[in-house]
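Read the numbers this way: they start at 1 and go in the same order the structure lists the ligands and their atoms. Everything numeric here is computed off the predicted structure, so don't read it as measured data.
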Amino acid sequence: MGGTKIFVLNKILVFKIGGSVLTDKKRSSLEVRVGVLRGIARNIKELIDEGYRFILVHGVGSIGHLLVAKYELHKGIKGKEKLIRLTETQNRVNEIIRSRVLRVLEENGIPAVLFLPSSTIYQENGRIKEFYYRPVQRFFDLGFVPIFSGDMVADTNNDLGLTICSGDQIAFELAKVFNAKTIIFGVDVNGIYDRDPVLPGARLIKRLSLRDAREILEKVGKGANIDVSGGMRGKLREALLHPSFFENGGEVWIFNALRENMLLKVIKGETEIFTRIAG
Ligand code: IPE
């Protein structure tokens, strides 16, 4: 393979497994792709054994997005009715997604420990204001792999009460706290395309500067219809909201986690089929 080899900038990786990888968000299927998840877990284990440290994040997939949209939880928690709906949403996401991810990680020998954003994050109008990270830091220092996911969290906004905190936003916050220089997003397409990848002639962008990211934002697909947290556009928006991450040498890599062993190939510089956003 030609071209320059790209290596990760330090051995701490924030890796988000997108909800579109865990479930088929386009078909609104609630089934978790356990086979794909197992493959990803094997790759993570291999990299841990080589000395990489992971902080994991995962999306809530079809079930989370469907329930949040159905009960309009993203429009605020008002009235008693909404309380039990939030409980129901939390419980279904715990059962269908979170516990599945945790079990597969455990089965592959990854010492993952779950942290809920609703227990560790306070927001202001949908943006993280406070992150109580000290317990997470301690677990990480001991060798555990902290794992987060998208969630509804407390918000200072009195009209809303709770707001969505996407896994994408959490990934940048975690990179800051843990001084990770590489944030990796595993999604269901090969990376960012110059237009919606379903359109004919769409080309994968392998290298994107933050400045180009602004331009490309409007051309990028908005993700599946059920998506209440922004899909690929949400990731670009997050990147643009964190210029200092890139100024300090940080990079965001976006690759297709539905393809076998892609995480390994991306980290080891064995493929160029992914998008790399760097300052
Ligand atoms: C969304 O989280 C959180 C809620 C809808 C409560 P994410 O944005 O991280 O989830 P995915 O990756 O799109 O499934």
Considering only the protein, which heavy-atom contact is closest to [atom], and what is its distance?
atom                    : result
atom 2 (O) of ligand 1  : Gly150 CA, 3.4 Å
atom 5 (C) of ligand 1  : Val228 CG2, 3.6 Å
atom 1 (C) of ligand 1  : Ser229 OG, 3.5 Å
atom 9 (O) of ligand 1  : Gly167 N, 2.7 Å
atom 12 (O) of ligand 1 : Lys16 NZ, 2.8 Å
atom 4 (C) of ligand 1  : Val60 CG2, 3.8 Å

Looking only at N/O atoms, are [X] and ligand 1 under 3.5 Å apart anywhere?
X     : result
Lys25 : yes
His58 : no
Gly61 : yes
Gly19 : yes

Q: Report yes if some heavy atom in the side chain of Pro117 is under 4.5 Å from a heavy atom in the side chain of Ile170; otherwise report no.
A: yes
Q | Heavy-atom check, side chain of Pro243 versus side chain of Leu210, under 4.5 Å | A | yes
Q: Number the atoms of ligand 1 from 1 as they appear, then name those within less than 4.0 Å of a heavy atom of Gly59, with their elements.
A: 9 (O), 10 (O), 11 (P), 12 (O), 14 (O)
(Q) For Phe185, does the six-membered ring have the charged nitrogen or CZ of Lys235 within the cation-pi criterion, i.e. under 6.0 angstrom from the centroid and within 45° of the normal? (A) yes
Q) Angle class for the Phe246/Phe172 ring planes (parallel below 30°, perpendicular above 60°, tilted otherwise)? A) tilted
Q.
Which label fits Phe139 and Phe115: parallel for a plane angle under 30°, tilted from 30 to 60°, or perpendicular past 60°?
A. perpendicular
Q) Does any donor atom in the side chain of Asn190 or Arg259 lie under 3.5 Å from an acceptor atom in the other side chain? A) yes
Q. Is it true that the side chains of Arg98 and Gln90 contain a donor and an acceptor less than 3.5 Å apart?
A. yes
**Q.** Positive for side chain to side chain contact (heavy atoms under 4.5 Å, CB included) with Leu105, one of Leu56, Leu114, Val145
**A.** Leu56
Q. Out of Leu67, Ile97, Thr89, Asp151, whose heavy atom is nearest to atom 3 (C) of ligand 1?
A. Asp151
